[in-house]
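Please read the structure below before turning to the comments.
This one's a predicted model, so the numbers in the text were calculated from it and none came from an experiment.
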Amino acid sequence: MKQTYFPHDSNARNDIKIIRLRKDLGLEGYAIYFCLLEMLFNDKNMLCLDDIEALAFNLQCKSELLSAVIKDYDLFVIADNYFYSARLND
C-alpha cells in the first residue's frame with residue numbers, strides 16, 4: 001500500500017533556515033515550502049527545475065517566489081537540474 005503521509009516536525013517553524021525563509025517571504029514562503037514537500041513526496045522526491053513555471057501555476061504563486069524558496073534557503077538539494085529534499089529521504 002502506498003504511503004500517503006510523511007512526518008512533519010512540530011517545531012519546523014523554529015529551524016533557522018525556516019526562520020530566514022519566513023523573515024523574507026512570510027507565511028506564503030512557508031506554505032510554498034510545505035507544498036513542495038508534499039509534491040516531492042508524491043513524485044519520488046525529485047522535481048525538475050525546468051518546471052518552475054508549471055509548479056508555480058499549480059501552487060498559484062509567482063515563479064520568482066517559488067524559485068527563491070527552492071534555491072535561496074538551503075532547504076533543498078539541487079543536482080543535475082533537479083531538486084529534492086535530503087530530509088524527506090530520511
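- With sequence neighbours excluded, the residues forming a salt bridge (Lys or Arg N to Asp or Glu O under 4.0 Å) with R87 are D9, listed by chain and number.
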For a quick test of your reading: what N or O donor-acceptor pairs under 3.5 Å do the side chains of residues 62-73 make, sequence neighbours left out?
residue, atom, partner, partner atom, Å
S63, OG, E53, OE2, 3.1
Y73, OH, D24, OD2, 2.7

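- Legend: residues meeting side-chain contact (heavy atoms from CB on, under 4.5 Å) with R13, ordered by chain and number and at least two apart, are R22, Y30.
- If you take CG on N45 and CE on M39, they are separated by 12.5 Å, rounding to the nearest 0.5 Å.
- Hydrophobic side-chain contacts under 4.5 Å tie M46 into a cluster, directly or through other members, with V77, Y82, Y84.
- A distance of 10.0 Å separates CD1 of I18 from CG of N14, quoted to the nearest 0.5 Å.
- Atom-to-atom distance recorded for I32:CD1 and C61:SG is 4.0 Å, nearest 0.5 angstrom.
- Within the 4.5 Å cutoff, side-chain heavy atoms of S85 are placed close to those of L37.
- The backbone N or O of F57 sits less than 3.5 Å from a side-chain atom of Q60, completing a donor-acceptor pair.
- Separation of atoms CG (L47) and CG (N81) is listed at 11.5 Å; rounding is to 0.5 Å.
- For D15 (side chain) and N11 (main-chain N/O), no donor-acceptor pair under 3.5 Å exists by modelled atom type.
- D80 meets the side-chain contact (heavy atoms from CB on, under 4.5 Å) test with no other residue; sequence neighbours excluded.
- The aromatic rings of F76 and F83 sit perpendicular to each other, their planes meeting at more than 60°, with 30° as the lower class boundary.
- Linking Ile, Leu, Val, Met, Phe, Trp and Tyr residues whenever their side-chain heavy atoms come within less than 4.5 Å leaves L75 and I16 in two separate clusters.
- In this structure, the salt bridge (Lys or Arg N to Asp or Glu O under 4.0 Å) partners of K17, at least two apart in sequence or on a different chain, are D74.
- To the nearest 0.5 Å, atom CD of residue E38 and atom CG of residue L88 are 10.5 Å apart.
- One finds the CG atom of L40 at 11.0 Å from the SG atom of C35 (value rounded to the nearest 0.5 Å).
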